[in-house]
Amino acid sequence: MQTLTKQRCYNHARREAAVRCPGCHKYFCRECVSEHEEQLLCILCLQKQRTSPATLKERLRPLRLLFRTALTFVLLWLAFYSLGKGLLLLPHAFHEPVSYESTP
């Protein structure tokens, strides 16, 4: 295996290679690669990644967001409902006004 300094660009034979594409393992100059998700990929590998079908996790992302929102709403509703029920269980005398005036 030759070192990177001795390699030439796959597309431009006169240019030195700057990077090896992790997808196709070919060497390219800086003009022939693009950064994608913290990796330098050649144009063909970049197009393959963009046209590949989304993973199951990516496709379920909107559904997970909807589920979290609904669950949050239900939990908040239960908390306020329980608080209201608890306040209704307090004795009526608790709600009577208390006079703090001093008696002579």
Side-chain angles (χ1 to χ4, degrees):
M1 182 169 127
Q2 294 179 341
T3 62
L4 183 63
T5 57
K6 296 180 181 178
Q7 291 294 324
R8 296 287 171 198
C9 177
Y10 181 77
N11 296 328
H12 306 103
R14 293 185 179 184
R15 295 184 186 170
E16 286 186 11
V19 68
R20 184 177 182 192
C21 177
C24 62
H25 303 291
K26 295 177 184 172
Y27 293 92
F28 295 95
C29 65
R30 186 70 181 139
E31 289 183 20
C32 294
V33 293
S34 180
E35 186 174 351
H36 178 70
E37 294 180 356
E38 299 180 6
Q39 287 185 339
L40 291 173
L41 297 173
C42 68
I43 300 302
L44 293 176
C45 290
L46 186 61
Q47 288 175 350
K48 286 178 188 176
Q49 277 195 351
R50 287 185 180 168
T51 58
S52 65
T55 63
L56 180 62
K57 186 177 181 180
E58 291 172 356
R59 287 186 283 157
L60 292 179
R61 185 175 290 152
L63 188 59
R64 285 193 332 245
L65 179 63
L66 179 65
F67 178 74
R68 286 180 186 167
T69 305
L71 183 64
T72 302
F73 177 77
V74 168
L75 289 175
L76 284 173
W77 181 84
L78 282 173
F80 282 109
Y81 179 80
S82 300
L83 179 65
K85 281 293 205 179
L87 289 174
L88 286 174
L89 292 175
L90 292 175
H92 185 66
F94 181 79
H95 298 288
E96 292 293 323
V98 177
S99 176
Y100 291 104
E101 296 175 8
S102 61
T103 55

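Not measured: the values here are computed from a predicted model. Numbering of residues begins at 1 and proceeds along the displayed sequence.
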For Arg15, the salt bridge (Lys or Arg N to Asp or Glu O under 4.0 Å) test, sequence neighbours excluded, returns Glu31

Atom CG of Leu40 and atom OG of Ser34: how far apart are they, to the nearest 0.5 Å?
8.0 Å

To the nearest 0.5 Å, tell me how far Gln39 CD sits from Cys45 SG.
10.0 Å

Taking C-beta and beyond as the side chain, do His25 and Arg20 meet within less than 4.5 Å on heavy atoms?
yes

Quick check: do Tyr27 and Tyr10 have side-chain heavy atoms less than 4.5 Å from each other?
no

Residues which pass side chain to side chain contact (heavy atoms under 4.5 Å, CB included) with Ile43, listed by chain and number, not counting sequence neighbours
Gln47

Run the side-chain donor-acceptor check on residues 68-88: report pairs under 3.5 Å with partners two or more places apart or on a different chain.
from: Thr69; atom 1: OG1; to: Leu65; atom 2: O; distance (Å): 2.8
from: Thr72; atom 1: OG1; to: Arg68; atom 2: O; distance (Å): 2.8
from: Ser82; atom 1: OG; to: Leu78; atom 2: O; distance (Å): 2.8

I'd like to check the side chain to side chain donor-acceptor pair (under 3.5 Å) partners of His36; sequence neighbours left out, ordered by chain and number.
Gln49

Considering all heavy atoms, the nearest Ala18-Arg30 contact:
CB-N, 3.8 Å

Contact summary for Asn11 and Cys32, nearest pair of heavy atoms
ND2-SG, 3.5 Å

Could you tell me the separation between the CG atom of Leu60 and the CG atom of Leu66, rounded to the nearest 0.5 Å?
12.0 Å

If you take all heavy atoms of Phe28 and Cys9, which pair is closest and at what distance?
CA-SG, 3.9 Å

Closest heavy-atom pair and its distance - Arg14, Arg8:
O-NH1, 3.7 Å

More than 12 non-hydrogen atoms from neighbouring residues, nucleotides or ligands closer than 6.0 Å to CZ on Arg64, yes or no?
yes

